[in-house]
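The structure under discussion appears below in the form of structure tokens.
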Amino acid sequence: MKAILALDQGTTSSRAIAFGRDGQVLASAQQEFRQIFPRPGWVEHDALEIWRTQRDVASQALASAALSAGDIAAIGITNQRETTVLWDRATGLPVANAIVWQDRRTASSCDALRQAGHEPLFTARTGLVLDAYFSGTKLAWLLDNVAGARERAERGELAFGTIDTWLAWKLSGGVAHVTDASNASRTLLFNIHSLRWDDELLGLLRIPRALLPEVVDSSGVVARTFCDGLPPDLPIAGIAGDQQAALFGEACHQPGMAKNTYGTGCFLLMNTGTRAPASRNRLLTTVAWRRGGVVNYALEGSVFIAGAAIQWLRDGLGIIARAPDIDALAASVPDAGGVYFVPALSGLGAPHWDPHARGTIVGITRGTTRAHLARATLEAIAFQSAELIEAMAADSGIALRELRVDGGATASNLLMQTQANLLGVPVVRPRITETTALGAAYLAGLAVGFWKDDAEIASMWARDRVFEPALSREGAQDRLVQWKRAVERSRDWARD
Ligand code: ADP
């Protein structure tokens, strides 16, 4: 056996990467798919298109590395989290488009649950806050708005799943209806302490139990492939949500180790071991992975707009032609000239959770140029992450020793240096930045003995570059105080 095949089903594209025994990429393939915006604030995907693109890139990756079925030890799945699919068990057809994690259509039902006083219960049981981000209210919306869905769900004719569940179902020819504990922990329906679907929460959201998948380990054989386009009988041996997979792929196996992913948004996760600390600072407590029935938890901070702010400079303002151009433009000025850009383009995530905040640029003077704005954009990404780290240290009682990073925007050296300056700890960029897919591969490979243990995996993790802090703590504190003033000005802006 030569390889593990990781399926990385992301928000904008489906990817497949084959990894060899040394953790190196043997082959990869990627396909974008349609983003459907039926109304402002709504975001949908066609689940069948997700399946087709995912299956096709898997088969392309195998072909391009000339890998045959006998070379593949296992398949690992990692996925955009929270996105909600509801399908017919008999036909395997979705009853509606999938509702994507970014979709805000259930913000008012979250408000209603909060006003009814239910948020403390949801938080205590699930580790989450009541936000439209998570699957529970999206599933309830589908049951209430797709004709006949609720009756069919009660009769056991429909199945619910996040994207991992949907892919495992399709890959196994409708045999497996499973989700791993990390994905389950993003639904608002799963008790992260008892590790069971929670009847009281299901009752509050009026969700029939018959819809729910079985919750399985993140590492372990759950099914075998049986579908068109892929070799039969390959074991599906690992499943984890994308951010949890990245934590594993960064080899953050020990409590206190943390990673930050700089993609469309930023997702900072700190391993908290077998403890599930309740957050006092509006971070999420979430399942990192479950292995051999034992759960490892994490604290998570999610920032909705990070690299997407760079895309907005490119597509919305046209002040750069390509995302990588931001570094040189931002480096052409010594600082942001007093400009602060709060990229609350779709509200603010952790730790503010303000869906009504909107993008705000303050401190503009006659001397402000597009270079200052470019620099303020990179700084905004670093400021938002610094706020998360601050909250995390307060919640966990663990001071960070270093921050491991991944994601597309880590290509910006200026961003990485700014981040180290604000945090006061080294920021470490690994050689392989495909950590999400790698994490899924590791979870699957460990399950089938392709890799021996965590130590072997940790030994494969290698640094590309370390960014050491080069700013006094007082200097960093002053900058953060200014940033927080700017955030205040962005808040509570949009009114329904
Ligand atoms: P996702 O998985 O969320 O789609 P990626 O990890 O692929 O995100 O990262 C894409 C993001 O990285 C984009 O938002 C883009 O703005 C940013 N990005 C890509 N290249 C660079 C670069 N060289 N410098 C700064 N940002 C970049």
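We use all heavy atoms of the structure for the numbers below, so side chains are in, but hydrogens, waters and symmetry mates are not.
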Side chain proximity check, [X] to [Y], heavy atoms < 4.5 angstrom:
X    : Y    : result
D180 : D164 : yes
R105 : E44  : yes
F19  : L26  : no
L189 : S135 : no
W289 : V287 : no
V221 : V448 : yes
I72  : F450 : no
T84  : D103 : no

Check: [X] side chain, [Y] main-chain N or O, donor-acceptor pair, under 3.5 Å:
X    : Y    : answer
T123 : L128 : yes
S172 : A176 : yes
T272 : Y297 : yes
T83  : Q80  : no
E82  : T187 : no
W197 : N191 : no
S412 : A409 : no
R291 : A447 : no
S182 : G241 : yes

Where [X] and [Y] come nearest, the two heavy atoms and their spacing:
X    : Y    : value
L388 : A350 : CD2-O, 3.5 Å
Q54  : V57  : O-CG2, 3.3 Å
L438 : G23  : CD1-O, 3.9 Å
T377 : A309 : CG2-CB, 3.8 Å
I305 : P343 : CB-O, 3.3 Å
P277 : T285 : O-OG1, 2.7 Å

Can you say whether the rings of H45 and F33 are parallel (under 30°), tilted (30 to 60°) or perpendicular (over 60°)? perpendicular
Do the ring planes of H253 and F248 sit parallel (below 30°), tilted (30 to 60°) or perpendicular (above 60°)?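 Rings of H253 and F248: tilted, as their planes differ by 30° to 60°.
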Inspect the contact between [Y] and [X] and indicate whether a charged nitrogen and a carboxylate oxygen are less than 4.0 angstrom apart.
X    : Y    : answer
D217 : R290 : yes
R81  : E300 : yes
D131 : R282 : no
K259 : E402 : no
R431 : D464 : no

Does one side chain, of [X] or [Y], offer a donor that lies under 3.5 Å from an acceptor on the other?
X    : Y    : result
N271 : N296 : yes
R15  : Q9   : no
N281 : D395 : yes
N260 : S385 : yes
Y262 : Q419 : yes
T261 : D406 : yes
S28  : Q30  : no
Q417 : N421 : yes
T286 : R186 : yes

Can you tell me how far [atom2] of [Y] sits from [atom1] of [X], rounded to the nearest 0.5 angstrom?
X    : Y    : atom1 : atom2 : answer
E214 : T165 : CD    : OG1   : 11.0 Å
L188 : L202 : CG    : CG    : 11.0 Å
I398 : R275 : CD1   : CZ    : 6.5 Å
D454 : W451 : CG    : CH2   : 12.5 Å
I192 : D198 : CD1   : CG    : 11.5 Å
R224 : D233 : CZ    : CG    : 5.0 Å

Stepwise side-chain hydrogen bond (donor to acceptor under 3.5 Å, both in side chains) check, T436 with D8: CA-CA 7 Å; T436 303; D8 179 0; 5.0 Å; no
Given side chain to side chain contact (heavy atoms under 4.5 Å, CB included), test L446 with I457 step by step and report yes or no. CA-CA 9 Å; L446 284 168; I457 280 168; 3.5 Å; yes
With D71, which residues qualify under side chain to side chain contact (heavy atoms under 4.5 Å, CB included), at least two apart? K2, L67, S68
Report yes if the distance between the aromatic ring centroids of [X] and [Y] is under 6.0 Å, otherwise no.
X    : Y    : result
W166 : W51  : no
F304 : Y133 : yes
W42  : W141 : yes

What residue among D242, T11, N183, T162 forms side chain to side chain donor-acceptor pair (under 3.5 Å) with N79?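 Among the candidates, only N183 passes.
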Please step through side chain to side chain contact (heavy atoms under 4.5 Å, CB included) for the pair E200 and R125, ending with a clear verdict. CA-CA 10 Å; E200 205 174 342; R125 301 265 172 93; 3.1 Å; yes
Hey, mind stepping through M270 and L400 against side chain to side chain contact (heavy atoms under 4.5 Å, CB included) and telling me if it holds? CA-CA 9 Å; M270 179 188 271; L400 197 67; 3.8 Å; yes
Kindly indicate, with the supporting measurements, whether the criterion salt bridge (charged side-chain N to carboxylate O under 4.0 Å, His left out) is fulfilled by R34 and D46. CA-CA 8 Å; R34 272 180 314 141; D46 174 351; 3.5 Å; yes
Walk me through whether V100 and Q35 qualify under side chain to side chain contact (heavy atoms under 4.5 Å, CB included). CA-CA 9 Å; V100 178; Q35 307 292 312; 5.6 Å; no
Go through the steps for E157 and R152 under the test salt bridge (charged side-chain N to carboxylate O under 4.0 Å, His left out), then give the verdict. CA-CA 5 Å; E157 293 170 17; R152 295 172 67 199; 3.6 Å; yes
